[in-house]
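What follows is one structure encoded as structure tokens, with my remarks underneath.
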Amino acid sequence: MANRFLRPNLIHRFSTVSPVGPPTTIIPEILSFDQPKPEVDLDLSDQARLFASVPISTLLRSTAILHATSIGPMVDLGSWLMSSKLMDTTVTRDLVLRIVKGTFYDHFCAGEDAAAAARRVSSVYESTGLKGMLVYGVEHAEDGGACDENIQKFIETVEAAKTLPSSHLSSVVVKITAICPMNVLKRVSDLLRWQYKNPNFKLPWKLNSFPVFSGLSPLYHTTSEPEPLTVEEERELEKAHERLKSVCLRCQESNVPLLIDAEDTILQPAIDYMAYWSAIMFNSDKDRPIVYNTIQAYLKDAGERLHLALRESEKMNVPIGFKLVRGAYMSSEAKLADSLGYKSPVHDTIQNTHDCYNDCMSFLMEKASNGSGIAVILATHNTDSGKLGARKASELGINKENGKIEFAQLYGMSDALSFGLKRAGFNVSKYMPYGPVDTAIPYLIRRAYENRGMMSTGALDRQLMR
């Protein structure tokens with residue numbers, strides 16, 4: 001007889017999920033396994049095997065760059081310089097960008113245009129077997145004109161993806177903040193929050209979507225009833241939907257998955273709303289969703305929002321893809337919450353974030369393994385989560401080749417984990433941003449801060465490379 005048991009960690013995390021009003025109890029799923037599966041071998045200790053495909057010259061350069069980013073004062077100085085008024089001087093700017101391009105940019109970015117990035121994807125796959133996730137590196141747009149320019153770049157990304165064999169490319173990525181003006185995203189997020197607080201509040205422009213809030217979601221950004229969208233704001237929102245629709249259509253025609261990146265909580269409700277709207281519109285293939293939304297596990301409400309969105313997708317019979325990450329805006333989230341007199345929406349400890357990520361990962365893998373229309377990209381630089389995910393896949397008997405489960409790391413980071421997972425038979429991708437050097441500076445600054453210090457994301461790679 002099969003052993004039957006409940007997932008106690010998920011019962012605890014999802015037992016108070018409620019889209020609106022008082023908490024309700026979700027009946028936990030009962031899982032059954034006839035017998036344990038053999039554990040997958042994920043050995044990250046043999047550096048000679050892990051890095052066998054990497055040329056010595058590349059190892060030397062990567063080691064130097066990761067060591068440079070581990071030195072706190074150097075990171076602080078570089079971040080200050082790239083954000084300072086010295087960059088307004090042509091001579092200084094050209095010198096700094098030239099240095100950055102030959103070092104940090106080449107290490108963390110795939111090229112200055114879509115064609116160069118596609119060539120880098122092919123090169124990486126042919127030398128390592130790792131796939132690419134292509135993303136144009138622009139982050140924010142302030143007006144409709146900039147959004148129109150950006151959507152053309154995202155469409156160029158899809159066109160570049162079409163030139164690559166499907167074995168080389170995992171997906172393309174779009175940032176809603178680059179195709180919808182920032183002020184409109186903030187206004188839409190405010191109105192969505194107010195409607196969650198007051199369910200009778202009407203939003204005539206609102207389209208069909210999944211829930212974007214739970215009982216744990218931060219609502220302090222919106223303390224009073226917002227004014228309705230102006231005619232111009234509604235027009236900009238409609239244009240943003242059309243931009244997103246245009247790139248979704250091209251991805252659907254090319255059978256290329258589209259990942260929608262996450263941002264900080266002041267904007268995330270609007271991003272989730274648009275992401276789920278596009279999933280309802282374009283995810284018709286039960287075997288392979290086109291649109292993926294991103295869940296940030298460092299947020300206290302991540303598990304509940306994930307559960308609610310997934311429950312609604314199942315009710316509507318809409319396949320859905322999720323990219324699971326930890327999150328990259330911890331400092332700004334804490335500062336904003338503190339300025340408003342509230343606690344940060346981010347988990348109080350790093351261990352709580354790890355627990356949330358691993359719980360969400362296990363929950364999604366179980367769903368993906370039972371034949372439902374779920375696909376999951378597990379984006380992690382944490383070796384414990386990588387090993388747990390590999391073991392879980394083995395226990396569930398998940399097919400490693402059907403695209404339902406995939407691991408991902410940022411290009412230039414956590415190569416040891418990427419190579420280890422690939423050697424264990426998993427599909428593994430690198431998130432590969434491209435674009436002009438100056439547009440990549442905010443992205444590069446975040447990567448530098450993630451790698452600083454002896455206990456940083458890049459510590460294992462630095463040790464193994466050395």
Side-chain angles (χ1 to χ4, degrees), residues 114 117-118 132-139 141 144 146-164 166 169-181 184-185 188 205-210 212 235-263 267-295 309-310 312-313 316-323 373-377 403-404 406 408 429 431-434:
M133 293 177 173
L134 271 182
V135 53
Y136 178 57
V138 69
E139 303 209 338
C147 292
D148 288 336
E149 292 177 8
N150 293 336
I151 194 61
Q152 290 307 312
K153 294 296 185 181
F154 287 118
I155 289 172
E156 286 177 16
T157 307
V158 181
E159 294 302 313
K162 288 165 59 176
T163 68
L164 294 166
S166 59
L169 187 87
S170 161
S171 53
V172 298
V173 183
V174 68
K175 294 177 181 292
I176 300 296
T177 52
I179 61 172
C180 182
V184 175
L185 288 174
V188 170
W205 44 264
K206 188 177 179 183
L207 303 174
N208 202 12
S209 188
F210 299 156
V212 300
R235 188 179 298 119
E236 286 294 345
L237 179 60
E238 184 178 349
K239 288 180 180 177
H241 277 101
E242 288 301 315
R243 294 182 192 106
L244 180 56
K245 184 177 178 180
S246 69
V247 74
C248 286
L249 275 170
R250 284 170 172 79
C251 285
Q252 189 178 56
E253 292 166 358
S254 307
N255 197 29
V256 174
L258 179 70
L259 275 56
I260 295 178
D261 264 350
E263 291 283 340
L267 304 172
Q268 195 58 42
I271 294 170
D272 284 342
Y273 158 71
M274 294 183 68
Y276 292 138
W277 164 79
S278 59
I280 293 169
M281 289 278 292
F282 294 98
N283 285 357
S284 55
D285 187 340
K286 295 290 188 291
D287 294 324
R288 191 181 193 194
I290 289 296
V291 179
Y292 287 62
N293 196 22
T294 299
I295 298 293
L310 190 51
E312 189 67 15
S313 76
M316 296 175 65
N317 199 29
V318 175
I320 185 70
F322 289 103
K323 180 180 72 163
I374 304 296
V376 186
I377 294 175
K404 288 282 191 175
E406 179 180 328
S429 297
Y431 181 101
M432 302 176 73
Y434 75 89

Minimum heavy-atom separation for [X] to [Y], with atom names?
| X | Y | result |
| --- | --- | --- |
| V318 | A279 | CG1-O, 3.7 Å |
| P181 | G144 | CG-N, 4.1 Å |
| M432 | G132 | SD-CA, 3.8 Å |
| I320 | S313 | CG2-OG, 3.7 Å |
| C147 | C180 | SG-N, 3.4 Å |

Would you list the atom pairs, donor with acceptor, under 3.5 Å between side chains in residues 250-259 and any protein atom, with sequence neighbours excluded?
{"residue": "R250", "atom": "NH1", "partner": "S246", "partner atom": "O", "Å": "3.3"}
{"residue": "Q252", "atom": "NE2", "partner": "F282", "partner atom": "O", "Å": "3.1"}
{"residue": "S254", "atom": "OG", "partner": "R250", "partner atom": "O", "Å": "2.9"}

Do [X] side-chain atoms and [Y] backbone N/O form a donor-acceptor pair below 3.5 Å?
| X | Y | value |
| --- | --- | --- |
| T294 | I260 | yes |
| R243 | I151 | no |
| Y273 | L207 | yes |
| N283 | V291 | yes |

| request: Please find out if less than 6.0 Å separates the ring center of Y292 from that of F322. | output: no

| request: Go through F210 and N293 one step at a time and tell me if the side-chain contact (heavy atoms from CB on, under 4.5 Å) criterion holds. | output: CA-CA 11 Å; F210 299 156; N293 196 22; over 6 Å; no

Value rounded to 0.5 Å, distance of [atom1] in [X] from [atom2] in [Y]:
| X | Y | atom1 | atom2 | result |
| --- | --- | --- | --- | --- |
| I271 | L244 | CD1 | CG | 11.0 Å |
| D148 | E242 | CG | CD | 11.5 Å |
| I290 | S278 | CD1 | OG | 11.0 Å |
| M274 | I179 | CE | CD1 | 5.5 Å |
| I377 | K404 | CD1 | NZ | 12.5 Å |

| Do the ring planes of Y136 and Y434 sit parallel (below 30°), tilted (30 to 60°) or perpendicular (above 60°)? | tilted

| said: Please determine whether a side-chain nitrogen of the Lys or Arg among K162 and E159 lies less than 4.0 Å from a carboxylate oxygen of the Asp or Glu. | reply: yes

Within a strict 4.5 Å, meaning less than it, do heavy atoms of the [X] and [Y] side chains meet?
| X | Y | value |
| --- | --- | --- |
| V135 | T157 | no |
| N208 | M316 | yes |
| W277 | K206 | no |
| W205 | H241 | no |

Listing, residues 169-178 side-chain donor-acceptor contacts under 3.5 Å, not counting sequence neighbours, or none:
{"residue": "S170", "atom": "OG", "partner": "E406", "partner atom": "OE1", "Å": "3.3"}
{"residue": "S170", "atom": "OG", "partner": "E406", "partner atom": "OE2", "Å": "2.5"}
{"residue": "S170", "atom": "OG", "partner": "S429", "partner atom": "OG", "Å": "3.4"}
{"residue": "K175", "atom": "NZ", "partner": "D261", "partner atom": "OD2", "Å": "3.0"}
{"residue": "T177", "atom": "OG1", "partner": "E139", "partner atom": "O", "Å": "2.4"}
{"residue": "T177", "atom": "OG1", "partner": "E263", "partner atom": "OE2", "Å": "3.4"}

